[in-house]
Enquirer: 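Handing you this structure, nothing more for now.
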Amino acid sequence: MKDDAQLVDDATQGDSAAFGQLVARHQDRLYNTLVHVVGSAETAQDVVQDAFVQAYVKLDSFERASGFYTWLYRIAMNLAISKRRRERPTVSVDEVRETLGHEPLDRAAPPDARLEQQERACQVQAALATLSQDHRAILILREIDGSSYEEIAAMLDLPIGTIRSRLHRARLLLRDVLKGILQEETK
Amino acid sequence: MERRDELISAFLDGELAPQERAQVEKWLAESPELRQLHDDLSALGGSLRSLPRYQLDRNLGDIVLRRAERAVLGDDPERPIAGKVGPSVPASSWWLRGAGWRRLAWPAVAVAAALVIMFFASDELPIERQVAHAPKDHGSIAAREQGTAAPAVDDSLPAQRTDETLADKPAVAQRRARLEKSGGDARMLSHPSAGVVPSEAPAPAAGAPAPSSEAVAGARSRAKPVDPLEGVIVCEVTPEFLQAGSFEKLLESLNMVAAVAEPALNVAESKDQPALAAKVAEPSAARARQTYVVQATDEQMARLVAQLRKDAKHVKKVTDERWSEGKQEADRGENARSRSYRFVLQAPADASAPPADSENKP
């Protein structure tokens, strides 16, 4: 199986099927990240498609200083930011819940591990929605995408020291917001 | 203390150098607060990692490549179709591998070439045809040209290619030279993959009424290159449907017009109709197929296809092979853009023969 660099080389030589393989390889990873970062499955789907199109059109300009996915992610985030600026300034917590399809907890139902997990997921997503996109993105990249500090630094074009401090700050913010949500829901 | 906290985060992520790691382990052993922070952040990470994972329900490869192809062609009108596409793609690879693109591109090229040949060869020169959406009130066109009515905005059509973008192509230069020699308008040039959209009516045949100056001016202002075909809609219809010109009537009722890909056009005779409007030759019982190139927005297409499907008595089957990204663009509110579609109406030549398929495809 060819790695990304080989597929990029093939695509720039005219093998569009090679680019198709890149799409198949990375579309779900990019989509999953974007859904959590932008808080909208529909927006994420649009951005994923637009990002791949832009990557294909500009493939000649890819300098290979970073990996293909890193470059693709930067394209996607720029598109997501532009899209958000055009559409709406913030994503509401309710919209996140509605978009990501979680059902509200039925408090009359008996406690159940699955329900508790769903509830927790709702709470976490609601808390994420209150963070800035920068903080949300860095948390998603680390915890959900599993990227290393070095990879995140490349994707966000930031020094590793900044990644470390921003990630820690994002975690503290999320912890505090979650505490507040838990306190509200136990009233 | 803040730096210690930050190192706890990095410790959890396994991103510390060995010396830093050893230091943090010592702090954790000594400080309940730091241990609490460690536990909180660890639980937080677990919660984030437990969030549902989302994935797309289809492979985007084909859509991406088609869109990228159009983006490349649209962004650079100088780029020849047979030349480089996207990242230095040789013409053969992408064009020959694209599943639906080649099927549509070559028939469109053949139609366009045939029409250009007809123009140069025929004594009865066809006047300009409107292949874009035209208002039903043709009188308003003249009014707009005289500045007495609000201008019709049709920003769904692509910007007209200027002579400058095509002038350096040898084939185009030859066509221009022939036009200039015959006294025609050298702007009557077409993109090889698009429908023919001449910009001015050449001299009509002797005996035929000359188009009005308003109509010609209106035609010139509206003549724009059409987009490459975005889909093919094949309809199995009854011979009566073809004979009665029902498709043309349906288009007219929806405020749409179309260019007939076959047979040749006739000069419009009515002064009330713009010179660009196509007058379709009367279909005959012998003709089993009629093909149209329709330029329409997604909304117009939806109405047109719905109306066709409603007429179950005369339209037996509608096979809609439009590309899905048009629908996606419509969902994103980008449905104002007009695209070109090929409608193929097929009927048995013998009226007594049963239709090919009596099932309407949803």
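Lettering follows sequence order; numbering is per chain, from 1.
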Enquirer: Select one option (side chain, backbone, both, neither) describing which atoms of Leu128(A) are under 4.5 Å from chain B's heavy atoms.
Expert: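 Contact with chain B involves the side chain of Leu128(A) alone.
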
Enquirer: Heavy-atom distance under 4.5 Å to chain B: side chain of Arg175(A), backbone, both or neither?
Expert: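 For Arg175(A), the contact with chain B is made by backbone and side chain together.
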
Enquirer: Between Phe52(A) and chain B, with a heavy-atom cut-off of 4.5 Å, which part of the residue counts as in contact: side chain, backbone, both or neither?
Expert: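 Its backbone and side chain both get close to chain B.
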
Enquirer: Against chain A, label Leu41(B) side chain, backbone, both or neither, depending on which of its atoms sit under 4.5 Å from a heavy atom there.
Expert: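 Contact with chain A involves the side chain of Leu41(B) alone.
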
Enquirer: Let me know if Arg169(A) has heavy atoms under 4.5 Å from chain B in its side chain, its backbone, both or neither.
Expert: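 Arg169(A) has no heavy atom closer than 4.5 Å to chain B.
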
Enquirer: So if I apply the salt bridge (charged side-chain N to carboxylate O under 4.0 Å, His left out) rule between Glu20(B) and each of Arg3(B), Lys26(B), Arg4(B), which one comes out positive?
Expert: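 Of the listed options, the one satisfying the test is Arg3(B).
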
Enquirer: Please look at Leu178(A) and chain B and tell me whether the side chain, the backbone, both or neither of the residue comes under 4.5 angstrom of a heavy atom of that chain.
Expert: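 For Leu178(A), the side chain is the part near chain B, not the backbone.
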
Enquirer: Does CD belonging to Glu150(A) count more than 12 external heavy atoms closer than 6.0 Å?
Expert: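 Check fails, neighbour count at 12 or below.
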
Enquirer: Among Ser47(B), Ala43(B), Gly14(B), Gly46(B), which residue forms the greatest number of heavy-atom pairs with chain A at distances under 4.5 Å?
Expert: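 Counting heavy-atom pairs under 4.5 Å, the top option is Ser47(B).
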
Enquirer: Using every non-hydrogen atom in the two residues, find where Ser66(A) and Arg74(A) come nearest and quote the distance to one decimal.
Expert: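 Where Ser66(A) meets Arg74(A) most closely, the heavy atoms are OG-NH2, 3.9 Å.
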
Enquirer: Under a 3.5 Å cutoff, is there a donor and acceptor pairing between the side chains of Gln36(B) and Asp40(B)?
Expert: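 Yes, Asp40(B) and Gln36(B) have a side-chain donor paired with an acceptor closer than 3.5 Å.
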
Enquirer: In terms of the angle between their ring planes, are Phe68(A) and His26(A) parallel, tilted or perpendicular, with boundaries placed at 30° and 60°?
Expert: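 It falls in the tilted class, 30° to 60°.
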
Enquirer: Only one of Val24(B), Leu12(B), Asp5(B) clears side chain to side chain contact (heavy atoms under 4.5 Å, CB included) with His38(B); which?
Expert: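 Answer after filtering Val24(B), Leu12(B), Asp5(B): Leu12(B).
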
Enquirer: Where do Arg171(A) and Ser9(B) come nearest, in terms of heavy atoms and distance?
Expert: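 What the structure gives for the nearest pair is NH1-OG, 3.2 Å.
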
Enquirer: Would you mind checking which part of Ser61(A) comes under 4.5 Å of any heavy atom in chain B, side chain (CB onward), backbone (N, CA, C, O), both or neither?
Expert: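 Neither; nothing under 4.5 Å.
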
Enquirer: Using non-hydrogen atoms and a 4.5 Å limit, figure out which bit of Leu44(B) sits close to chain A: side chain, backbone, both or neither.
Expert: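 For Leu44(B), the side chain is the part near chain A, not the backbone.
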
